[in-house]
Amino acid sequence: QAQLVESGGGLVPPGGSLRLSCAASGFFFSSYTMSWYRQGSGEERELVARINSAANVTNYADSVKGRFTISRDNVKKTVYLQMNSLKSEDTAVYYCNAKGRGPGVWGNDYWGQGTQVTVSS
């Protein structure tokens, strides 16, 4: 059974940093593109960052470019989101997502339960 478990969220003052982690289990992690999404209160869920299975292609929302970094460890089956220079508008629930991109897994789509990030003084 596929599972994604996020951790690392919390309360941080503006300008601070957090590192989110997402531990995967129950599927072949190396065949999946991994992404972080977020959803603020009353807002739609939006893509924050994405990394391909080989970890050599990354994409970022314009609002986080230069501040956030996505990475992955295929041995540990974990994806990370390093968030620096946090702003109040980064406050949201952050979700980990896995999308199948290899033979036999194309179309698989898994979500974590989310972790709250609050940026406030």
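Placement of Leu81 and Phe29 within a single hydrophobic cluster is found when ILVMFWY residues are connected by side-chain heavy-atom separations under 4.5 Å, directly or transitively. In the hydrophobic clustering of ILVMFWY residues, with side-chain heavy atoms under 4.5 Å counting as a link, Tyr94 and Ile70 come out together. Hydrophobic clustering (ILVMFWY, side-chain heavy atoms < 4.5 Å, transitive): Trp36 and Tyr80 are in distinct clusters. Val117 and Val64 fall within a single hydrophobic cluster, where Ile, Leu, Val, Met, Phe, Trp and Tyr are joined by side-chain heavy atoms under 4.5 Å apart, directly or via other members. At a threshold of 4.5 Å between side-chain heavy atoms, the hydrophobic network of Ile, Leu, Val, Met, Phe, Trp and Tyr places Phe27 and Val79 in one connected group.
We find the OG-CE distance between Ser17 and Met83 to be 8.5 Å, quoted to the nearest 0.5 Å. A distance of 8.5 Å separates CG in Leu4 from CD in Gln113, rounded to the nearest 0.5 Å. Here CD of Gln82 is found 8.5 Å from OG of Ser71. Values are rounded to the nearest 0.5 Å. Taking CZ from Arg19 and CZ from Phe68, the interatomic distance works out to 14.5 Å, rounded to the nearest 0.5 Å. Taken from OH in Tyr60 to CD1 in Ile51, the straight-line distance is 7.0 Å, to the nearest 0.5 Å. Within the model, atoms CG of Asn52 and CE of Met34 stand 12.0 Å from one another, a figure rounded to the nearest 0.5 Å.
Formation of a donor-acceptor pair under 3.5 Å by the Asn97 side chain with backbone atoms of Tyr110 is found in this model. Side-chain atoms of Glu6 come within 3.5 Å of backbone atoms of Gly114 as a donor-acceptor pair (strictly under, hydrogens ignored).
The minimum heavy-atom distance between Val119 and Thr91, with the atom names listed, is N-OG1, 2.9 Å. Val57 and Asn59 make their closest contact through CG1-OD1, 4.2 Å (heavy atoms, listed as atom of the first residue, atom of the second, distance). Nearest heavy atoms, Ser53 versus Ser30: CB-O, 3.0 Å. The two atoms that bring Ser121 and Pro14 nearest to each other are N-CD, 3.7 Å, heavy atoms only. Closest non-hydrogen pair, Lys76 versus Thr78, comes out as O-OG1, 3.0 Å. What you find for Ser63 and Arg38 is that their closest heavy atoms are OG-NH2, 3.4 Å.
Side-chain atoms of Leu11 and Ser120, non-hydrogen and from C-beta on, do get closer than 4.5 Å to each other.
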Could you go through the side-chain contact (heavy atoms from CB on, under 4.5 Å) check for Thr33 and Arg50 one step at a time? CA-CA 7 Å; Thr33 289; Arg50 178 170 51 210; 3.4 Å; yes
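Salt-bridge formation is not detected for the pair Lys87/Asp90: no Lys NZ or Arg NE/NH1/NH2 atom is positioned less than 4.0 Å from an Asp or Glu carboxylate oxygen.
Within a 6.0 Å sphere centred on CD of Glu89, other residues, nucleotides and ligands contribute more than 12 heavy atoms.
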